[in-house]
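To start, the structure itself, in structure tokens.
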Amino acid sequence: MPDELDVLERHPKTAKPGEVMRPHNLMCFGCGAESPHGLQLEMYAGEGFTVEAKMPVEQWMEGGPGVIHGGILSSALDDVMGMTPRLLGPPGVTVHLQVDFLQPIPVGKTLHLRAEILGRQRRKIYTEGVAHLGDPERPVARANGVFVTVDVREHFAEHVENSAKAAEYMGGKPQL
Ligand SMILES: CCCCCCCCCC(=O)SCCNC(=O)CCNC(=O)[C@H](O)C(C)(C)COP(=O)(O)OP(=O)(O)OC[C@H]1O[C@@H](n2cnc3c(N)ncnc32)[C@H](O)[C@@H]1OP(=O)(O)O
């Protein structure tokens, strides 16, 4: 993370601590409520510059026998960290993601996910994510992610018609 950082300020219209945050997109693999094969994470704004979510670790998420697949865990961390830019204003997309897998995560448990903004420099937002199974003192994974803010209408202009919900976005009710 660079030394020279911008001052962080919560956007006046972002969710207040304890409130549910709007999904990135209804079809988002991480948080989209209409993504049929997605994680369907419900995210809550926390205090300061934090976002939290809980995810039941289900059978279909298995990687090694009886434990979560690392890619599913990475996706969940990516998506929770990827919600933090919204606390400041425009959304951001991942440009860098690093995950440390600390402990196997059993199927049947509930994963607690928490992301926090560490700093911002221009469009770059530096974040960390932590996952635990109920005891915050015993993390099972840690992550760092860098997100770059984008103008969603420009950034997704060429791709939105590929979305299963394109008609809705094109019809003037964008969830981007
Ligand atoms: C509705 C919102 C949707 C949000 C969905 C979130 C879902 C969850 C998160 C995701 O999974 S997002 C999906 C995966 N990510 C992508 O598809 C992003 C692909 N990358 C891009 O499209 C472009 O790289 C991007 C638009 C982000 C940036 O290109 P630009 O031409 O606009 O900007 P530029 O390349 O000048 O980079 C802006 C700053 O970011 C920095 N940067 C770019 N890539 C970087 C990198 N990999 N690591 C660190 N910094 C990086 C870059 O150095 C620069 O820093 P400075 O301000 O200091 O000049």
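Order of listing sets the numbers, starting from 1, for every ligand and every atom in it. Computed from a predicted structure; not experimentally measured.
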> Can Arg142 and Glu128 be counted as an ion pair, charged N to O under 4.0 angstrom?
Replying inline: no
> Minimum heavy-atom separation for Gln40 to Gly32, with atom names?
Replying inline: CG-O, 3.5 Å
>> Geometry only, no angles: is Asp79 polar-contacting ligand 1 at N/O separations under 3.5 Å?
In response: no
> Which option out of Val148, Thr94, Asp151, Val146 puts a heavy atom nearest to atom 9 (C) of ligand 1?
Replying inline: Thr94
>> With nothing but distance in play, are any N or O atoms of Asp78 less than 3.5 Å from an N or O of ligand 1?
In response: yes
> Is it the side chain, the backbone, both or neither of Arg122 that has a heavy atom closer than 4.0 Å to ligand 1?
Replying inline: side chain
> Going from CG on Asp6 to CG on Leu88, what distance comes out if it is rounded to the nearest 0.5 angstrom?
Replying inline: 10.0 Å
>> My understanding is that we take every heavy atom of each candidate and find the minimum distance to atom 50 (N) of ligand 1. Doing that for Val152, Val95, Leu97, which one comes out nearest?
In response: Val95
>> I'd like to check whether Arg123 has a polar contact with ligand 1, where a contact means an N/O of the residue lying under 3.5 Å from an N/O of the ligand.
In response: yes
> Hey, is the main chain of Met81 close enough, under 3.5 Å, to the side chain of Thr84 for a donor-acceptor pair?
Replying inline: yes
> Below 4.0 Å from any atom of ligand 1, is there a heavy atom belonging to His155?
Replying inline: yes
> Does Gly92 reach ligand 1, in the sense of a heavy atom lying below 4.0 Å from it?
Replying inline: yes
> For Val95, what are the other residues in its hydrophobic cluster, where any two members join if their side-chain heavy atoms are less than 4.5 angstrom apart?
Replying inline: Met1, Leu5, Leu118, Tyr126, Val146, Val148
>> Would Gln121 count as a polar contact of ligand 1, with the cut-off being nitrogen or oxygen pairs under 3.5 Å?
In response: no
> So, is Cys28 polar-close to ligand 1, with some N/O to N/O distance under 3.5 Å?
Replying inline: no
>> Testing Lys124, Arg86, Arg123, Arg122 one by one against Thr149 for a side-chain contact (heavy atoms from CB on, under 4.5 Å), which residue passes?
In response: Arg123
> To the nearest 0.5 Å, what is the distance between NE2 (His112) and CD (Glu52)?
Replying inline: 10.0 Å
> Looking at Pro91, which atoms of ligand 1 are within less than 4.0 Å of one of its heavy atoms?
Replying inline: 2 (C)
> ring pair (Phe, Tyr, Trp, His ring centres under 6.0 Å): which pairs involve residues 33-74, sequence neighbours left out?
Replying inline: none
